[in-house]
Colleague: 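Before anything else, here's the structure in question.
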Amino acid sequence: MLKKYNFRAIESKWQQKWEESNIFKTHEDNAKEKYYVLEMFPYPSGKIHMGHVRNYTIGDVVSRFKVMNGFNVLHPMGWDAFGLPAENAAIKNNVRPDIWTWAHIEEMRGQLKQLGLSYDWDREVATCHPGYYKWMQWIFIQLFNKGLAYKKENPVNWCPSCMTVLANEQVVDGKCERCGTLVGKKELSQWYFKITDYAERLLANLDGLPGWPQKVKVMQKNWIGKSTGADVDFEIEGFDDKLKIFTTRPDTLYGVTYMVLSPEHPYVKKLVQGTPFEKETLEYIEKVQHMSDIERTSTVGEKTGVFIGRHSTNPLNGKKVPIFISDYVLMDYGTGAIMAVPAHDQRDFEFAKKFGCEITPVVDPGNPDIDVSDLKEAFVAEGTMINSGIIDGMNSNEAIARITDYLEEKSLGARAVNYRLRDWLVSRQRYWGTPIPMVFCDSCGWVPEKEENLPVLLPADVEFTGKGESPLATSETFAEAACPRCGKKAVREMDTMDTFLDSSWYFLRYCDARNEGSIFDKAKEKYWMNVDQYIGGVEHAILHLLYARFFQMALCDLGWTSKEEPFENLLTQGMVIKDGKKMSKSIGNVVSPEEIIDKYGADTARLFILFASPPDRELDWSEAGVEGAFRFLNRVYRAVFDMAEAAAGVTEGYRLENESDKSLAFVMNASIKKVTEDAGGRFNFNTAISSIMEFVNELYRYKEKGAVNKGLVRDALNNLVLLLAPMTPHICEEMWEHLGNTEPIYRASWPAYDEEAMIRDEIEIVIQLNGKVKEKLNVPANLEKAEFEREVMENDKVKLLLEGKAVVKTIAVPNKLINIVTK
RNA sequence: GCGGCCGUGGCGGAAUAGGCAGACGCGCACGUUUGAGGGGCGUGUGAGCAAUCGUACCGGUUCAAGUCCGGUCGGCCGCACCA
C-alpha cells in the first residue's frame, strides 16, 4: 500500500483480481439463506448515465452487505436489448441492429465493471439473444394456449413517425412516449394479452405487498381503476334490442334526463338509418374518428355531440328521454353507453347546459346554500333522495344497494364491476424485437409454432427503409412456413413483440440463465425467487411492474413459478438532478460518470451518491460534494496507513485502559450498530456514512492524544474498513490487505458490535421546566425511574432552578430528560 | 378536477417509537503546519447585544410537537371526459 491514495492503481488492481478469481459467481446452496437483489436492467444505449450509477451502486451495496452477513446472494445483470434505437440506427447509418446492439452492450458492460459492481456475469442475459427470446416465444405460446393471447381488429394508437402501434400506456398526452409525435388512430389487426382477466388479482394482491412504496401501490391501483356499480337495461323506442349502460350511481336513476352513446357504439348507425338525423350523425362520427386522442381530450369541458332522433325509456318511472351521441362517452369502457344524470354528474351537467337538456335533482344536499332547483354545478356528494319513487327519503349511499337489489329482482339490471385497465396490445410493426411465433393457416387459422422449432429466428435478409410495413416482410424467406397443425403451406406473423414483454420475466431467467431445454429449472426458481429487493426508477411504477406481476401470475397459474408475486421489496430510487433540474443535454447540465470516475475514481463516485441523499429521494449533484467524498476517503486511507504499523502483528485482545480508549470503543461500536441498522434495514446509506465519519473523527482525536492501545487500534481499523467495504469496495480491499488480512474483504464477516462497550457510567440528561430546556446534568446511567428522579431533584442546580416555584408534577424519562411542571 | 408526496440554517441533509432541532458533509471564518501555493490538522459557524426566538403559515391535542389532529399557502409527482 502506497502512502498516497492512488485510486486508479487500486481500482484496476482489484477489478482485475475479482475478475480473475470469478469471485462474484453464485450457485444454489441450501445450507445458506438466499438473498436475491435485483436492479432494473438497462437498455444498451452505449453509455451509462448517473441514474444507472445511482441505481447500481445502491444495489451493489445491498448485495455486498448481504454477502458479508452470510447470505447466499444472487446479484445478476443483463440487457433490455431489443427496441427502436437500434433499428433507427440501422435506417440512418446502415448498421445492422444486432451489431449495433452487441457493440453497445460490450461498451456498457465495461463501464459497469469500472464501477466495481459485484455481478455474477455468468448469468448475464440479453433479450435479443436467441437463447433468451426462444423462451419469450415459448411464454407467448403458453399464454396463447391458455386463451390469454388473441388477435383483434381494432382502431389502434399509431405513431406516424415510429411507424408503429403503441399501447395506451405508451401514449403520453396524446403523443408518442418515445419520439413525441402526435399519435393517430389506425384500423389494424393486432395481438393482445388478456391482462384484464387478472385485473382483480393484480389489484387485490397489492395489499399483500408491504415492502412496496405506498406511492407505487396507489399508482397501480388507480391504473387498474376498479369501479363497482350496476348494468341497467333501457328500452329504445321502436328498436328491439335493449340499451345496456353501466353506472356507479344507480341511486340517481330517477334523475336520468337523457342518454348518451359513444359515437363508435354499434347501435348508432342502425338507429339513424333512413331517418332525417342520419346525415348529421354520420358527419359527427366521421369527425370524431379523424380526431387524434389529443384533440379529443383537449376539448375537456366543452362538450360536443348530436341528438340522433331517438328516445329511450327509464325502466323505473317510464319517462321518455332523448338519446345523444358524444365523444365524451368512450366505447372501450363499460358498455360504451351511459345514462345521463346532469344534476349529479359534472360532465352530464356541462353537456345538459350546452344542449338544453332537463336537469332533475334527485339527491338533496341538505345544505341551505345549495338550491337544487337551480344548480350551478353538479352535486356529486351523498345526500337524501328526492323525486325518486321507492327510495325517497333514503340516504343516497344506502339507496345504491336498494335500487340495485330492485333492478336484479325485476331483471332490469345487475351488479357490475368495470376496470379502467385495458387489454395489453403487444404486437409491433418492427424488426428489432422478438418475432411472434404464430403461423396463419387458411384452414386452421392462427396456430402456434411447434416448440421444437423455437426459436423463430429474426431473419438477416431484411431492408430498413423506415417506411410502412414491418421490415420482416422484406425478407424473402421469413414468411414461408408449414402449418404446425395440418402441414399445409402457411404464413408467419410478421410483427414482433413489444419490448415490455422481454422485461416482464428476465428476473426469472436469471435463476437459470443458461438452461437450453427449459425456461428455467423449477428447483432453481424455487430456491432463488422471490426477488428480495428490487431497485429501479419510479418511472417503471406502472407499466413494467404491472406487466411483470401479470407474467409472474400467469406463469404461476401454469405451474411454472412458485409464487404469485415476484418482488418482495421494492425501492424506487430518486432522480439525479443538477442545479434543481433534471440532467439533460438541452439544458447542458449532464455530468458524465466516465469523467467523474476518471477524476476521482469509482469509490468516490459511489460514496458521494450514497451520502448526498437517501436513496428514494432526489439527489442534487454537486462537484463540491464529490470533492468532500474524495477528501474523506483520503482521510480514511491516511488514518489506516499511519496507524496500521502500530497495530501490526497484535493478535491478543485488549482492555480499555483510559477515557480515550473508552471513548474510541464507544464510538466504534455505536458506528457498527448504526451502519448495520441503516445499511441493512432502511437503506439510509447517508446516515450510515455520517456515523462512519464520526468514527473516523474520533480515531483522529485518539491518535492526536498519542494513545496507543494496539489491540484496540487494530480492531478499530479493521472495523472501519469493514463498515465501508460495501460502499467503497476497492479502497477497502486495499486497506484490508494492508492490515494483514489474506482473504478478500468481499468474503469477510460483517463486524458485530459490543453492547458492553456502549454502556456509559454517566449520561448527560436534560432538565426541562414546563417543557423548555433549562439545564443539563450528568447523572449515573441506567437508574430506575424513582432513583433517577430523586438524583435529579436533589441536585443543587435543580434546586436553584426551582427556588420559589411550586412543583405541580414531574415527568421523568430515565437516561433522557426530566420535565418539571411548575405553577 | 382526483390521488399521492413534501415544505427544517447560506447549501445537501439529520432527528428511526412525541422527549436536547440543525447530526454528518459542503461552504465560510480563524488558528496551526508549510519558503509560498496546494494539501493536512484543529476551532468556530440558525437568528439576536441580551432575555429569548426559531422546523412555510394559523389554530388544536399534550408535561412535552419538525413529528399527532384540523385548516391555509407553496412546491413536486402520477392519473385525467373511466360513467
Side-chain angles (χ1 to χ4, degrees), chain A residues 172-173 213-223 225-227 229 245-249 252 260 262 296-303 326-330 332-341 344-348 350-351 380 418-422 538-539 541-542 574-575 607-608 611-614 616-629 631-632 634-635 638 674 677-678 681-682 684 686-694 696-697 700-701 703-704 764-776 808-813 815-822:
Chain A
V172 178
D173 288 335
Q214 195 58 30
K215 178 192 166 97
V216 173
K217 289 195 276 189
V218 168
M219 279 162 79
Q220 292 220 347
K221 194 178 163 194
N222 292 341
W223 194 262
K226 182 180 182 176
S227 293
I245 61 94
F246 171 71
T247 179
T248 54
R249 293 293 302 274
T252 63
V260 189
S262 160
R296 239 172 121 155
T297 51
S298 68
T299 56
V300 170
E302 203 185 308
K303 299 282 180 287
S326 170
D327 64 355
Y328 85 89
V329 176
L330 310 171
D332 57 357
Y333 182 77
T335 63
I338 61 152
M339 63 178 212
V341 186
H344 305 293
D345 181 285
Q346 189 56 28
R347 294 151 300 176
D348 297 347
E350 283 159 20
F351 188 91
V380 295
N418 270 293
Y419 301 90
R420 281 185 20 168
L421 184 70
R422 310 294 148 87
V538 73
E539 66 272 18
I542 300 179
M575 259 198 310
L607 185 71
F608 168 71
F611 180 58
S613 183
D616 55 346
R617 286 239 289 261
E618 269 185 353
L619 186 156
D620 206 343
W621 191 269
S622 123
E623 184 81 14
V626 178
E627 271 168 24
R631 210 152 39 214
F632 173 69
N634 275 287
R635 192 168 153 85
R638 249 188 329 267
K674 177 82 177 152
E677 285 169 1
D678 285 357
R682 30 173 230 168
N684 280 14
N686 54 333
T687 50
I689 292 166
S690 79
S691 108
I692 298 175
M693 287 171 167
E694 288 178 89
V696 173
N697 291 343
Y700 270 84
R701 270 193 289 274
K703 194 178 138 201
E704 199 65 18
E764 190 188 56
I765 62 121
V766 169
I767 313 295
Q768 293 184 340
L769 218 58
N770 296 323
K772 302 244 184 271
V773 180
K774 293 288 174 190
E775 195 65 67
K776 289 178 186 181
V808 179
K809 73 176 184 184
T810 58
I811 293 99
V813 186
N815 291 341
K816 265 213 177 103
L817 60 73
I818 194 153
N819 187 13
I820 306 163
V821 185
T822 59

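Computation of the quantities below employed the complete heavy-atom set of this structure, encompassing side-chain atoms and omitting hydrogens, waters and symmetry-equivalent molecules. Everything numeric here is computed off the predicted structure, so don't read it as measured data. Convention: sequence-line order gives letters A, B, ...; per-chain numbering from 1.
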Colleague: What's the closest nucleotide to the side chain of A/Thr247 if the choices are B/G27, B/A83, B/C24?
Modeller: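 The nucleotide sitting nearest to the side chain is B/A83.
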Colleague: Starting from C1' on B/G38, measure out to CD on A/Glu627 and report it in whole angstrom.
Modeller: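 The answer, rounded to whole Å, is 12 Å.
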Colleague: Taking atom P in both B/A56 and B/A14, what distance in whole Å separates the two?
Modeller: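 My reading of the P atoms in B/A56 and B/A14 gives 15 Å.
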Colleague: Please give the nucleotide sitting opposite B/U45 as a Watson-Crick or G-U wobble pair, both distances under 3.5 Å, or none.
Modeller: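 WC or wobble partner is B/G27.
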Colleague: Stepwise, does the side chain to side chain contact (heavy atoms under 4.5 Å, CB included) test hold for A/Arg635 with A/Val696?
Modeller: CA-CA 8 Å; A/Arg635 192 168 153 85; A/Val696 173; 4.0 Å; yes
Colleague: Using the C1' atoms only, state how far B/G42 lies from B/G4, rounded to an integer number of Å.
Modeller: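 To the nearest whole Å, 48 Å.
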Colleague: Tell me which nucleotide, if any, is Watson-Crick or G-U wobble paired with B/G59 when both distances must be under 3.5 Å.
Modeller: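 B/C69 is the nucleotide pairing with B/G59.
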Colleague: Please report, rounded to the nearest Å, how far the C1' atom of B/A15 is from the NZ atom of A/Lys816.
Modeller: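 Value for this atom pair: 11 Å.
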Colleague: Distance check, C1' atoms only: B/C6 and B/G25, in whole angstrom units.
Modeller: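 Approximately 23 Å lies between the C1' atom of B/C6 and that of B/G25.
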Colleague: Does A/Lys303 make a cation-pi contact with A/Phe351 (under 6.0 Å, within 45 degrees of the axis)?
Modeller: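 Geometry flag: not set, cation outside 6.0 Å or 45°.
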Colleague: A/Arg682 versus A/Thr687: any side-chain heavy-atom pair under 4.5 Å?
Modeller: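 A side-chain contact under 4.5 Å exists here.
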Colleague: Consider only side-chain N and O atoms of A/Asn770 and A/Thr822, and report whether a donor and an acceptor are under 3.5 Å apart.
Modeller: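 Distance-only check passes for A/Asn770 and A/Thr822.
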Colleague: Side chain of A/Val329 only, heavy atoms from C-beta on: which candidate in B/A83, B/C63, B/G78 is closest?
Modeller: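 Nucleotide nearest to A/Val329's side chain: B/A83.
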Colleague: Within the 4.5 Å heavy-atom criterion, are A/Leu817 and A/Ile765 side-chain neighbours or not?
Modeller: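 In short, these two side chains do not touch, never coming nearer than 4.5 Å.
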Colleague: Measure from CG on A/Asn634 to C1' on B/G38 and round the result to the nearest Å.
Modeller: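 Whole-Å distance recorded here is 13 Å.
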Colleague: If anything within 90° of 0 is syn and all else is anti, what is B/G60?
Modeller: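 Anti, angle beyond 90° from zero.
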Colleague: With both distances under 3.5 Å as the test, what is the Watson-Crick or G-U wobble partner of B/A50?
Modeller: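 Its partner: none found.
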Colleague: Rounded to whole angstroms, how far apart are CD on A/Glu350 and C1' on B/A83?
Modeller: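 Interatomic distance, CD of A/Glu350 to C1' of B/A83: 14 Å.
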Colleague: Go ahead and name the base partner of B/G78; Watson-Crick or wobble counts if both distances stay under 3.5 Å, otherwise write none.
Modeller: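 Looking at the geometry, B/G78 pairs with B/C2.
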Colleague: Hunt down the Watson-Crick or G-U wobble partner of B/A14, both distances under 3.5 Å, from any strand shown, or write none.
Modeller: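 Check on B/A14: unpaired, no WC or wobble geometry under 3.5 Å.
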Colleague: Of all the choices, B/C63, B/A83, B/C79, which nucleotide is nearest to the side chain of A/Asn819 once you look at every atom?
Modeller: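 Nearest to the side chain of A/Asn819 among the choices is B/C63.
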Colleague: Could you tell me whether A/Ser622 contacts a base, only the sugar-phosphate backbone, or nothing, with contacts defined as non-hydrogen atoms closer than 4.0 Å?
Modeller: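 If one applies the 4.0 Å heavy-atom cut-off, A/Ser622 turns out to touch nothing in the nucleic acid.
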Colleague: Nearest of B/C20, B/A83, B/G40 to any side-chain atom of A/Ser227?
Modeller: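 Between B/C20, B/A83, B/G40, the one nearest the side chain of A/Ser227 would be B/A83.
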Colleague: Let me know the distance between CD1 of A/Ile767 and P of B/A64, rounded to the nearest Å.
Modeller: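 Computing the A/Ile767:CD1 to B/A64:P distance gives 17 Å.
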Colleague: Would you mind pulling out the nucleotide paired to B/G9, Watson-Crick or G-U wobble, both distances under 3.5 Å?
Modeller: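 Because no pair has both required distances under 3.5 Å, B/G9 counts as unpaired.
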Colleague: Checking contacts here: which listed nucleotide (B/C20, B/G4, B/C63) is nearest the side-chain heavy atoms of A/Val218?
Modeller: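 The answer is B/G4, which lies nearest to the side chain.
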Colleague: How close or far is atom C1' of B/U43 from atom CD of A/Glu704, stated in whole angstroms?
Modeller: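 Nearest whole value for this atom pair: 13 Å.
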Colleague: Please determine, for B/G22, whether a Watson-Crick or G-U wobble partner exists with both distances under 3.5 Å, and give it or none.
Modeller: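 Paired with no nucleotide.
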Colleague: In whole Å, what separates the C1' atom of B/G18 from that of B/C63?
Modeller: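 The same atom, C1', in both gives a distance of 12 Å.
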Colleague: Roughly how many Å apart are B/G22 and B/C53, using the C1' atom of each and rounding to a whole number?
Modeller: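 The answer is 15 Å between these two C1' atoms.
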Colleague: When only distance counts, do a donor and an acceptor, one from the side chain of A/Lys776 and one from the base of B/C20, lie under 3.5 Å apart?
Modeller: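 In this structure, the two groups form a donor-acceptor pair.
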Colleague: Kindly say whether, by distance alone, the side chain of A/Asn222 makes a donor-acceptor pair under 3.5 Å with the base of B/C79?
Modeller: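 Check fails, no donor-acceptor contact within cut-off.
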Colleague: Nearest of B/A83, B/A23, B/A14 to any side-chain atom of A/Glu694?
Modeller: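 Nearest to the side chain of A/Glu694 among the choices is B/A23.
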Colleague: Answer yes or no: is there a donor N or O on one side and an acceptor on the other, between the side chain of A/Asn819 and the main chain of A/Ile811, under 3.5 Å?
Modeller: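 No, because the side chain of A/Asn819 does not come within donor-acceptor range (under 3.5 Å) of the backbone of A/Ile811.
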Colleague: Which nucleotide, B/G25, B/C20, B/A83, lies nearest any side-chain atom of A/Ile338?
Modeller: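 Side chain of A/Ile338 sits closest to B/A83.
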Colleague: Would you mind reading off the distance between A/Gln768 atom CD and B/A21 atom P, rounded to a whole angstrom?
Modeller: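 So the CD-P distance, A/Gln768 to B/A21, works out to 7 Å.
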Colleague: Using a cut-off of less than 4.0 Å, is there contact between a side-chain N or O of A/Arg617 and OP1 or OP2 of B/G7?
Modeller: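 Answer no for this pair, as no side-chain N or O of A/Arg617 is under 4.0 Å from OP1 or OP2.
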Colleague: Please tell me if A/Tyr700 has a side-chain N or O lying less than 4.0 Å from either OP1 or OP2 of B/G42.
Modeller: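 Indeed not, no polar side-chain atom of A/Tyr700 lies that close.
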Colleague: Could you work out the separation of B/G54 and B/A65 based on their C1' atoms and round it to a whole Å?
Modeller: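 Rounded to whole Å, the distance is 14 Å.
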Colleague: Assess whether side chain to side chain contact (heavy atoms under 4.5 Å, CB included) is satisfied between A/Phe611 and A/Ile692, documenting all intermediate values.
Modeller: CA-CA 11 Å; A/Phe611 180 58; A/Ile692 298 175; over 6 Å; no
Colleague: Write down the distance between CD1 (A/Ile820) and P (B/C63), rounded to a whole number of angstrom.
Modeller: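 From A/Ile820 CD1 to B/C63 P: 16 Å.
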Colleague: For the P atoms, the ones on B/G74 and on B/C57, what distance do you get once it is rounded to whole angstrom?
Modeller: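 Going atom to atom, P in each nucleotide, I get 15 Å.
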Colleague: Closer to the 5' end of RNA chain B via nearest nucleotide, is it A/Asn770 or A/Tyr333?
Modeller: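 This one resolves to A/Asn770.
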Colleague: Please work out if A/Asp332 contacts a base, only the sugar-phosphate, or nothing of the nucleic acid, heavy-atom cut-off 4.0 Å.
Modeller: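 Nothing, no heavy atom under 4.0 Å.
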Colleague: Please determine, for B/G38, whether a Watson-Crick or G-U wobble partner exists with both distances under 3.5 Å, and give it or none.
Modeller: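 Pairing partner, where one exists within any strand: none, as none qualifies.
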Colleague: Distance-only, no hydrogens or angles: does the A/Gln220 side chain make a donor-acceptor pair with backbone N or O of A/Ala541 under 3.5 Å?
Modeller: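 At least one qualifying donor-acceptor pair exists.
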Colleague: Return whichever of A/Leu619 or A/Met693 has its heavy-atom-nearest nucleotide of RNA chain B closer to the 5' end.
Modeller: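 With A/Leu619 and A/Met693 compared, the 5'-side residue is A/Leu619.
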Colleague: Sticking with atom P, work out how far B/G19 lies from B/C11, rounded to a whole angstrom.
Modeller: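 So the two P atoms sit 26 Å from each other.
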Colleague: Which of the following nucleotides, B/C41, B/A14, B/A80, is nearest to the side chain of A/Arg635?
Modeller: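 Nearest to the side chain of A/Arg635 among the choices is B/C41.
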Colleague: Determine whether any donor atom in the side chain of A/Lys215 lies under 3.5 Å from an acceptor atom in the base of B/C77, or the reverse, and answer yes or no.
Modeller: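 No, no donor-acceptor pair under 3.5 Å.
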Colleague: Out of B/G12, B/A23, B/C26, which nucleotide sits closest to the side chain of A/Ala624?
Modeller: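 Nearest to the side chain of A/Ala624 among the choices is B/C26.
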Colleague: Need one value for A/Arg701: base, sugar-phosphate or nothing, where a base atom within 4.0 Å counts as base even if backbone is also close, heavy atoms only.
Modeller: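 The answer is nothing, as A/Arg701 stays clear of every strand by at least 4.0 Å.
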Colleague: Compare all side-chain heavy atoms of A/Ile338 with those of A/Asp345 and state whether any distance is below 4.5 angstrom.
Modeller: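 Not touching, per the 4.5 Å side-chain cut-off.
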Colleague: Looking only at the side chain of A/Asn686 (C-beta and beyond, no hydrogens), which of the listed nucleotides B/C79, B/G13, B/A64 gets closest?
Modeller: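 Among the listed nucleotides, the one closest to the side chain of A/Asn686 is B/G13.
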